[in-house]
There are 2 protein chains.
Amino acid sequence: MARAANLDEYRRSKVTIREIADLAGVSIATVSRVVNSRGDVAPETRDLVMRVVQEHGYMTNRSARALSGGRTGHIGLTIPLMRGDYFAAILEGALEAVYEEDMRLVLYTTLHEHDREVSVLERLSDGATDGAIILLPEECGFPFVVVDPRIPLDDGIPAVSAAHRAGALAATEHLLSLGHRRIGHISGPAGWAAATERIEGYHSALAAAGVLPTSELIAEGNFEAPSGVAAAHILLDLPDPPTAIFASNDNMAAGVLQAAHERGLTVPGDLSVVGFDDADLATILSPELTTVRQPLAELGRTGVSLLTRMLERQRVEALRVELATRLVVRESTGPPAQR
Amino acid sequence: MARAANLDEYRRSKVTIREIADLAGVSIATVSRVVNSRGDVAPETRDLVMRVVQEHGYMTNRSARALSGGRTGHIGLTIPLMRGDYFAAILEGALEAVYEEDMRLVLYTTLHEHDREVSVLERLSDGATDGAIILLPEECGFPFVVVDPRIPLDDGIPAVSAAHRAGALAATEHLLSLGHRRIGHISGPAGWAAATERIEGYHSALAAAGVLPTSELIAEGNFEAPSGVAAAHILLDLPDPPTAIFASNDNMAAGVLQAAHERGLTVPGDLSVVGFDDADLATILSPELTTVRQPLAELGRTGVSLLTRMLERQRVEALRVELATRLVVRESTGPPAQR
DNA sequence: CTGTTAGCGCATTCAC
DNA sequence: GTGAATGCGCTAACAG
């Protein structure tokens with residue numbers, strides 16, 4: 001089948017349910033039943049209709065179905081930004097789930113800009129989508145579930161997130177068990193739920209090991225690599241510098257590696273570093289990063305299934321899901337150097 | 001405005017054009033004219049309607065508009081896979097353009113699987129979208145433009161791609177000008193247009209400098225990092241190993257860095273490496289990668305504008321766009337070591 | 001089991 | 001300038 005020479009031709013070429021009905025000598029309703037695989041159709045009628053449908057390549061018009069049925073089959077997904085494998089991984093999971101449910105994913109980016117967030121939220125309620133997966137929380141009269149919430153959410157808002165605290169705890173314990181006592185932490189931006197919970201995990205591990213947390217050992221970053229190198233330099237410039245650094249994500253851990261490289265420090269010989277996320281980046285770096293794996297794709301996938309469940313049951317349930325994280329030990333951690 | 005307690009309530013809460021018309025004491029047609037900013041409306045009527053619209057938060061229902069107007073305002077975008085900043089960058093550009101045109105982007109992944117590609121193509125023509133940006137070329141009766149074609153395309157298929165040949169030429173010339181004569185190349189998969197053109201650029205630069213290309217200096221990879229380390233080892237195991245390696249993308253260049261690291265080779269001291277893409281990865285690595293910048297976001301953006309132009313003119317034009325690439329010199333290249 | 005009948009919400013002729 | 005009427009393609013009662 002060659003490409004249509006122009007759009008008009010393409011549009012005209014679309015077969016409607018009425019034409020199929022006429023061709024098959026049945027009513028529109030019957031065709032509808034067949035294509036929606038309803039049970040109450042005689043086998044022979046079904047076969048007949050199916051044949052005509054096949055022959056003419058009929059596909060039901062989604063717009064019409066949406067208008068009539070009240071559901072578009074689209075779900076929206078807002079994401080702060082595309083770059084970095086972090087969000088891509090979540091998106092990938094969501095796409096997978098959406099594909100399996102024969103729905104479509106309408107993508108929006110907010111770029112972390114407030115204006116943009118507002119306008120995206122507005123667009124979300126224009127009927128183009130049935131619901132949304134949101135990577136930023138806002139109140140709005142629209143069915144949605146928040147994935148990986150940036151800030152603490154009201155109860156009653158469905159959300160799926162990862163076990164940040166437990167992951168950070170495991171990461172710090174790992175360092176502790178290796179013999180480290182001066183363990184620096186590069187945190188995410190203050191106010192972000194994930195960043196806060198990871199600090200908490202770091203603190204509890206320290207406390208459990210009887211190590212006194214010092215605020216000078218915590219430097220704040222913004223989840224981007226450059227902030228990681230800056231923070232690493234601050235930490236390493238300390239009179240009594242850390243022998244290990246736990247960064248709140250892999251990007252910043254990459255920054256730590258870069259800073260170490262600049263100072264001629266070997267990893268893990270002179271400095272151990274642990275990341276968080278287990279993004280693709282973690283295994284691309286040398287040495288490969290010891291990090292905490294977040295089930296990113298699962299996050300996206302779970303978000304979709306939560307949403308579709310809400311959509312089907314016709315009512316919003318307050319559901320909270322927390323997915324487990326786990327430490328992945330690779331090459332960037334080892335015992336501290338002897339003094 | 002609090003969240004609707006359940007979906008039914010949410011759905012009922014949507015205001016229709018008819019209600020606005022009644023409230024404003026005008027006809028449906030008038031409201032339609034106003035919200036679509038048609039000229040032929042009296043200023044006072046316009047203001048009145050606008051006020052009512054604002055007050056009730058009316059938004060025109062996209063499904064109804066799509067059914068009535070024959071255009072959904074959605075455009076599809078198929079992408080092989082989400083991971084890696086490469087496709088993300090293209091997607092980002094496309095999203096930007098789509099946002100500006102007040103359209104929506106429906107995302108599909110093919111995972112490079114043939115079955116998946118076919119089913120995605122089918123879904124594309126179900127009326128959910130007006131047209132598509134495709135990262136894989138197939139003939140189908142549907143308006144689309146191919147971005148970054150994987151294989152050579154028939155004339156007559158609108159496409160936008162980057163200047164692979166020129167970029168590879170610049171990269172190789174750079175190495176040559178530094179004094180390198182044994183320059184290895186890690187290519188992309190055979191048959192991919194981008195890979196082939198980059199090899200051609202590499203060859204012409206060599207030829208222009210009077211250096212005889214040797215096939216042993218070309219190793220094939222698959223654009224992923226592990227294939228880069230494998231290929232690098234092959235090249236470096238040569239009796240007369242290269243002093244510089246030009247990898248066909250940044251992922252594989254990262255693999256080369258990793259291989260060098262494993263062998264205790266310093267970059268660029270013992271080995272120079274050049275990548276291609278200038279993905280985010282390039283500046284996260286240490287040393288930062290000298291690479292050829294592809295205008296990834298521009299690729300996506302241009303794809304969208306090409307498509308919308310096609311959609312508006314109501315006919316398919318055969319347009320071919322090639323966007324310029326440019327060499328970005330960073331830390332991973334330098335003169336060859338003295339023998 | 002199957003056909004008939006109503007809309008779904010909107011854009012768009014046309015008259016006025 | 002404005003309103004009434006028509007249809008986009010389909011699903012969902014209902015009736016037979």
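Lettering follows sequence order; numbering is per chain, from 1.
- A straight line from CG of A/Leu48 to C1' of C/dG3 spans 15 Å, rounded to a whole angstrom.
- For C/dC1, the OP1/OP2 oxygens have no side-chain nitrogen or oxygen of A/Thr45 closer than 4.0 Å.
- Between the side chain of B/Ser32 and the backbone N or O of B/Ile28 there is no donor-acceptor pair closer than 3.5 Å.
- Atom CG in B/Asn36 sits about 7 Å away from atom P in C/dT12, given to the nearest Å.
- In the set C/dG3, C/dA11, D/dC10, C/dA11 carries the atom at the smallest distance from any side-chain atom of B/Thr60.
- Within the 3.5 Å criterion, the main-chain N or O of A/Ser63 finds a donor-acceptor partner in the side chain of A/Asn61.
- Across the protein-nucleic acid pair, A/Asp22 atom CG and C/dT4 atom P stand 11 Å apart, rounded to whole Å.
- Backbone-only engagement by B/Val26 is indicated by non-hydrogen atom pairs under 4.0 Å involving sugar-phosphate atoms exclusively.
- When distances are taken from the side chain of B/Ile17 to each of C/dT4, C/dC10, C/dT12, the shortest belongs to C/dC10.
- Side-chain atoms of B/Glu92 and B/Leu296, non-hydrogen and from C-beta on, never get closer than 4.5 Å to each other.
- We find that CZ of B/Arg33 is positioned 9 Å from C1' of C/dT12, with the value rounded to whole Å.
- OP1 or OP2 of D/dT2 has not a single side-chain nitrogen or oxygen of B/Thr30 nearer than 4.0 Å.
- Rounding to whole angstrom units, CD1 of residue A/Ile20 and C1' of C/dT2 are separated by 18 Å.
- Residue contacts shown for B/Arg38 are limited to sugar-phosphate atoms, with no base heavy atom under 4.0 Å away.
- For the OP1/OP2 pair of D/dT11 and a distance below 4.0 Å, the side-chain nitrogens and oxygens of A/Ser32 include at least one atom meeting the criterion.
- Under 4.0 Å is where a charged nitrogen must lie from a carboxylate oxygen, and between B/Glu101 and B/Arg301 no such pair does.
- No side-chain donor-acceptor contact under 3.5 Å links A/Ser305 and A/Thr308.
- No side-chain donor from either of B/Thr109 and A/Tyr99 sits under 3.5 Å from a side-chain acceptor of the other.
- Nearest heavy-atom pair, A/Arg33 versus A/Asp40, reported as atom, atom and distance to 0.1 Å: CD-OD1, 3.8 Å.
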Check the interface with nucleotides 5-8 of chain D: list each N/O to N/O pair with the protein under 3.5 Å, or write none.
unit_1: D/dC8; atom_1: O2; unit_2: B/Ser68; atom_2: N; d: 3.4

